[in-house]
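Excluded from the calculations below are hydrogen atoms, water molecules and symmetry mates; all remaining heavy atoms, backbone and side chain alike, are included.
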Amino acid sequence: MTKLFTTFRRAALLACALGYGIAAHAASVTVDAGAACTAFSWNPANSTLSCQVSTDCVVTGANSAVVNTNVTLTASCPTSTTITWDGTGTSGCSGATCDVTNASTGNQTYGATGNSSARGTKVVNWTSNSVAPSQCTLTASPSSGTAASNVTLTADCSSGTDPITIAWTGSGSGSCPTTFNVSGSAATCTINNVAATTTWTAAFSNSAGSFANNPRSATFTYNAGGGGGADFANCPVGTITVTGQWGNTGLWTSNFGAWGSDQIISFQLIPNAATVVRNFNWNEYSGGSTVRDYSLSTVACDFSSTNAVNGSYGGKVVGSANNPQGYYKAGTTVGGSTTLAIGTKYYWNMRIPANACPSGDCGMIGGFPK
């Protein structure tokens with residue numbers, strides 16, 4: 001509101017100052033109007049200087065603060081004797097100051113109203129003191145194997161505000177824990193019976209954001225061949241190698257792992273008794289139809305005619321087909337229709353060419369009758 005100077009002291013001071021100013025052509029006038037004036041206005045029509053007095057409450061304090069810390073707000077309500085506060089966390093406040101805190105991020109408005117003063121407000125921007133995950137890792141143990149293995153995955157971060165959330169991908173990871181605390185133990189889980197090269201990933205995040213280098217990955221490499229023993233030393237890394245199946249039929253390749261593009265499966269066969277001429281054949285059952293290289297050989301993972309054995313009805317058991325097959329007969333000595341010697345190691349090799357199995361597992365069923 002506007003309040004005219006009515007006291008003799010203020011009017012006299014003003015008149016003297018103005019009179020002196022006119023006579024001397026002064027450039028400025030100093031008026032002591034007290035603390036209640038927040039501004040002045042001059043009316044040239046009647047040469048009146050007026051004091052602008054605000055009775056609204058003015059709230060001051062920090063513009064921003066970290067969640068779960070205290071901020072002191074101060075209210076100035078010039079014409080009031082009592083002050084009422086409003087806003088989250090102000091229920092216990094009275095008087096000219098109020099200590100507030102907030103658990104959530106974002107802007108929060110606080111107000112103060114005097115018994116004869118209009119409400120004044122203050123907006124505080126509450127920010128998070130959380131730290132995003134950093135130096136996060138994912139490991140697989142063991143990282144490789146020559147047979148189906150139980151693989152333990154370990155996910156951890158060296159720093160970050162608890163709790164840390166993990167988003168997993170990869171076969172069998174659905175049972176892995178999705179949260180852990182940096183201040184506690186790392187997140188671990190075991191994937192049982194991994195019989196194929198498999199990669200898992202873990203993406204880390206918390207209330208402050210995501211790990212800058214998400215996701216982390218870990219791989220178990222299935223090295224059934226290529227170092228899986230002297231009998232399979234000729235096989236490349238990733239070969240599925242199988243032993244002890246002579247005389248067995250109804251064998252599903254999926255029982256020994258996923259069999260995909262540019263991958264070999266090699267069965268070691270050791271005849272233990274004489275047989276009649278037998279036809280052995282392998283048929284597709286899943287993953288799509290594709291041609292496969294095959295050989296019945298004295299060398300694992302070898303598809304050359306040089307080491308391929310003869311078929312009981314002539315020719316070498318080597319070639320390419322969607323459903324490979326051949327004939328053999330086991331006996332004490334090789335000759336004629338007898339193509340396999342009892343007690344000798346042979347290998348039934350099959351290979352899916354590169355990019356020939358988009359599904360990742362082009363399974364077959366077959367066997368080795370005796």
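For R119 and D86, the salt-bridge test passes: some basic side-chain N is under 4.0 Å from an acidic carboxylate O.
Nearest heavy atom pair, residue T239 against residue C301, reads CG2-SG, 3.7 Å. Q268 and I270 get closest at one heavy-atom pair: OE1-CD1, 3.9 Å. Smallest separation of non-hydrogen atoms from V194 and I191: CG2-O, 3.6 Å. C157 and F180 get closest at one heavy-atom pair: N-CZ, 3.7 Å. Shown here for I164 and P133, the closest heavy-atom pair between the two residues is CD1-CG, 3.7 Å. Minimum heavy-atom separation, V59 to A112: CG2-CB, 3.7 Å.
Side-chain contact check for S183 and D162: at least one donor-acceptor pair (N or O, by modelled atom type) lies under 3.5 Å. For the residue pair S304/D302, the side-chain donor-acceptor check at 3.5 Å is satisfied. In summary, the side chains of S207 and S130 do present a donor paired with an acceptor at a separation below 3.5 Å, with no hydrogens or angles considered. At a cut-off of 3.5 Å, with distance as the only test, a side-chain donor of D293 or S320 sits close to an acceptor on the other residue. Looking only at atom types and distance, the side chain of S80 has a donor-acceptor partner in the side chain of S117 under 3.5 Å away. S134 and S159 are linked by a side-chain donor-acceptor pair at a separation below 3.5 angstrom, with hydrogens and angles left out of the test. Judged purely by distance below 3.5 Å, without hydrogens or angles, the side chains of N349 and S266 pair a donor atom with an acceptor atom. Using modelled atom types, one finds a donor on one side chain and an acceptor on the other under 3.5 Å when comparing T169 with T201.
Taking the six-membered ring for Trp, W246 and Y346 have ring centres at least 6.0 Å apart. Taking the six-membered ring where the residue is Trp, the centroids of Y294 and W282 are separated by 6.0 Å or more. Taking the six-membered ring for Trp and the full ring otherwise, F267 and F368 have centroids separated by under 6.0 Å.
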Item to complete: Would you sort out whether Y110 and T121 count as a side-chain contact (heavy atoms from CB on, under 4.5 Å), showing the intermediate values?
Response: CA-CA 6 Å; Y110 302 92; T121 61; over 6 Å; no
Fill in: Candidate pair W348 and L269, rule side-chain contact (heavy atoms from CB on, under 4.5 Å), full reasoning
CA-CA 7 Å; W348 173 241; L269 308 174; 4.1 Å; yes
Item to complete: Apply side-chain contact (heavy atoms from CB on, under 4.5 Å) to R351 and S295, showing your working.
Response: CA-CA 9 Å; R351 177 175 60 198; S295 71; over 6 Å; no
Practice prompt. With side-chain contact (heavy atoms from CB on, under 4.5 Å) as the test, would you mind laying out the steps for W259 and I264 before giving the verdict?
Written response: CA-CA 8 Å; W259 181 30; I264 298 170; 5.7 Å; no
Worksheet item: After noting the C-alpha distance and the side-chain angles of T127 and T105, does the key distance pass the side chain to side chain donor-acceptor pair (under 3.5 Å) rule?
Response: CA-CA 5 Å; T127 60; T105 59; over 6 Å; no
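One hydrophobic cluster, built from ILVMFWY side chains closer than 4.5 Å, holds both L251 and V242. Cluster annotation: I365 and F256 are assigned to distinct hydrophobic clusters (Ile/Leu/Val/Met/Phe/Trp/Tyr, side-chain heavy-atom contacts under 4.5 Å, transitive).
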Using distance only, find each side-chain donor-acceptor pair of residues 322-339 under 3.5 Å and give its atom names and separation, not counting sequence neighbours.
from : atom 1 : to   : atom 2 : distance (Å)
N322 : ND2    : S289 : OG     : 2.8
N323 : OD1    : E284 : N      : 3.0
Q325 : OE1    : N279 : ND2    : 3.1
Y328 : OH     : P369 : O      : 2.5
T339 : OG1    : K329 : N      : 3.3

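Taking SG from C57 and CD1 from I83, the interatomic distance works out to 5.5 Å, rounded to the nearest 0.5 Å. Summarising the geometry, atom CD belonging to Q135 is positioned 10.5 Å from atom CG belonging to N213; distances are rounded to the nearest 0.5 Å. For the atom pair CD of Q108 and OG1 of T101, the computed distance is 11.0 Å after rounding to the nearest 0.5 Å. To the nearest 0.5 angstrom, I240 atom CD1 is 5.0 Å from I265 atom CD1. From I352, atom CD1 reaches atom CG of D262 across 10.0 Å, with rounding to the nearest 0.5 Å.
Here the side chain of S254 pairs no donor or acceptor atom with the backbone of G363 at under 3.5 angstrom. A donor-acceptor pair under 3.5 Å is absent between the side-chain atoms of W126 and the main chain of N68, judged by distance alone. Here the side chain of T97 pairs no donor or acceptor atom with the backbone of L73 at under 3.5 angstrom. Remark: side-chain polar atoms of T179 are not paired, donor with acceptor, to backbone N or O of P163 under 3.5 angstrom. At least one donor-acceptor pair under 3.5 Å links the side chain of S297 to the backbone N or O of V299. At least one donor-acceptor pair closer than 3.5 Å links the side chain of S261 to the backbone N or O of C357. Using a distance-only test at 3.5 Å, with no hydrogens or angles considered, a donor-acceptor pair links the side chain of T161 to the main chain of V131. Although no hydrogens or angles enter the test, the distance criterion places no donor-acceptor pair under 3.5 Å between the side chain of T275 and the main chain of K370. Checking side-chain atoms of W85 against main-chain N and O of G95 turns up a donor-acceptor pair under 3.5 Å. For Q263 (side chain) and G238 (main-chain N/O), a donor-acceptor pair under 3.5 Å exists by modelled atom type.
Two residues are said to be in side-chain contact when any heavy atoms from C-beta on lie closer than 4.5 Å; I166 and L138 fail this criterion. Residues P353 and V291 are in side-chain contact: their nearest non-hydrogen atoms beyond the backbone lie under 4.5 Å apart. A 4.5 Å side-chain heavy-atom check between Y347 and D231 finds at least one atom pair inside the cut-off. When side chains are defined from C-beta on, S143 does not count as touching T219, because their heavy atoms never get closer than 4.5 Å. Between M350 and M364, the closest side-chain pair of non-hydrogen atoms falls below 4.5 Å. Within the 4.5 Å cutoff, no side-chain heavy atoms of D156 are placed close to those of F204. Within the 4.5 Å cutoff, side-chain heavy atoms of N310 are placed close to those of K316. For the pair V71/D99, no side-chain contact is recorded, criterion being any heavy-atom separation below 4.5 Å from C-beta on.
The local environment of CG in N107 is crowded, with over 12 non-hydrogen atoms from other residues, nucleotides or ligands closer than 6.0 Å.
Of the options T74, V100, N63, a side-chain contact (heavy atoms from CB on, under 4.5 Å) to K122 is made by N63 and by none of the others.
In this structure, R216 fails the cation-pi test against W200, since its NZ or CZ atom is not both closer than 6.0 Å to the six-membered ring centre and inside 45 degrees of the ring normal.
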